[in-house]
J.: 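Starting off with a structure, shown below.
This chain uses plain numbering: 1 for the first residue, then up along the sequence.
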Amino acid sequence: MLYYIKKYPVSLAIILLVIYLSFFKPPKTELDTIPNIDKVVHLCMYFGMSGMLWLEFLRAHKEDCAPLWHAWIWALLCPVLFSGAVELLQEYCTTYRGGDWMDFAANNTGAVLVSLVAYFVVRPRMMRK
């Protein structure tokens, strides 16, 4: 466990932040009048979480040539499964939050977008150095 805390400290902090943001009761603000603002927030949360997982994986495994499929599992598949679990927990374990399929789609869109950017843009640049 200490290995993961040393290798992925920012990713773990972001995961804890996403958990907090997923289960706290948000206050009412004027931003609530903007249509689909929550979908943009979901996309950004999972874009950031998956993106940081990619960055820390690529940074941590520059020299040891870890298989790239590990990154696809930990930086794409795990956030997708995590978001599904969070949406189910919101639906069945809270009274003030509801699970939403469109939130799940926004979460997955963020994770997929950043995975494509990380694989095709960031990875070649980091491996070149």
J.: Looking at His61 and Tyr8, what are the two nearest heavy atoms and their distance?
T.: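 Heavy-atom minimum between the residues: NE2-OH, 3.1 Å.
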J.: Could you tell me which non-hydrogen atom of Leu12 sits nearest to which non-hydrogen atom of Ile5, and how far apart they are?
T.: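 Heavy atoms only, the tightest pair is CD1-CA, 3.7 Å.
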J.: Hey, can you pull the donor-acceptor pairs under 3.5 Å for the side chains in residues 72-84, sequence neighbours left out?
T.:
| from | atom 1 | to | atom 2 | distance (Å) |
| --- | --- | --- | --- | --- |
| Ser83 | OG | Pro79 | O | 3.4 |
| Ser83 | OG | Val80 | O | 2.9 |
| Ser83 | OG | Asn108 | OD1 | 3.4 |

J.: Could you pull out all residues at least two apart from Phe24 that satisfy ring pair (Phe, Tyr, Trp, His ring centres under 6.0 Å)?
T.: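 In terms of ring pair (Phe, Tyr, Trp, His ring centres under 6.0 Å), with neighbours along the sequence ignored, Phe24 is linked to Tyr20.
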J.: Tell me, please, which residues at least two apart from Phe47 pass ring pair (Phe, Tyr, Trp, His ring centres under 6.0 Å).
T.: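 Residues passing ring pair (Phe, Tyr, Trp, His ring centres under 6.0 Å) with Phe47: none at all.
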J.: Side chain to side chain contact (heavy atoms under 4.5 Å, CB included) between Tyr46 and Thr109: does it pass, once the steps are laid out?
T.: CA-CA 8 Å; Tyr46 282 86; Thr109 301; over 6 Å; no
J.: Ignoring hydrogens, what is the shortest heavy-atom contact between Met45 and Ser22? Give both atom names and the distance.
T.: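 Looking at all heavy atoms of both residues, the closest pair is CE-OG, 4.3 Å.
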J.: Would you name the heavy atoms of Glu56 and Ser11 that are closest together and state the gap between them?
T.: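 So the minimum-distance heavy-atom pair works out to OE1-OG, 2.6 Å.
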J.: Taking all non-hydrogen atoms of both residues, which atom of Glu87 and which atom of His42 are closest, and how far apart?
T.: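 Taking every non-hydrogen atom into account, OE2-CE1, 3.5 Å.
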J.: Between Tyr119 and Met127, is there shared hydrophobic-cluster membership here, with clusters defined by ILVMFWY side-chain heavy atoms closer than 4.5 Å?
T.: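 Yes: a chain of side-chain contacts under 4.5 Å links Tyr119 to Met127.
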J.: For Tyr4, is the OH atom crowded, meaning more than 12 foreign heavy atoms sit under 6.0 Å from it?
T.: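 No, OH of Tyr4 has 12 or fewer neighbouring heavy atoms, counting only those of other groups under 6.0 Å.
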J.: Tell me whether Leu53 is reachable from Val86 by hopping between hydrophobic residues (I, L, V, M, F, W, Y) whose side-chain heavy atoms are closer than 4.5 Å.
T.: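 Result: yes, single cluster for both.
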J.: Please check if Met102 and Val40 belong to a single hydrophobic cluster, counting links between Ile, Leu, Val, Met, Phe, Trp and Tyr side chain heavy atoms closer than 4.5 Å.
T.: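 The answer is no; the residues belong to distinct hydrophobic clusters.
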J.: Partners of Leu2 by side chain to side chain contact (heavy atoms under 4.5 Å, CB included), sequence neighbours excluded?
T.: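 Applying side chain to side chain contact (heavy atoms under 4.5 Å, CB included) to Leu2 gives Lys6.
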J.: May I ask whether Trp101 and Leu43 are part of the same hydrophobic cluster, defined by side-chain heavy atoms of I, L, V, M, F, W, Y residues being less than 4.5 angstrom apart, directly or through others?
T.: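 Shared cluster, no.
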J.: Asp32: what forms a salt bridge (Lys or Arg N to Asp or Glu O under 4.0 Å) with it, not counting sequence neighbours?
T.: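 Once residues adjacent in sequence are excluded, Asp32 has no partner under the salt bridge (Lys or Arg N to Asp or Glu O under 4.0 Å) criterion.
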J.: Does Tyr92 share a hydrophobic cluster with Phe23, counting links as ILVMFWY side-chain heavy atoms below 4.5 Å and allowing steps through other members?
T.: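 Different clusters.
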J.: State which residues pass ring pair (Phe, Tyr, Trp, His ring centres under 6.0 Å) with His70; sequence neighbours excluded, sorted by chain then number.
T.: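 Testing His70 for ring pair (Phe, Tyr, Trp, His ring centres under 6.0 Å), a comparison that skips the adjacent residues, returns none.
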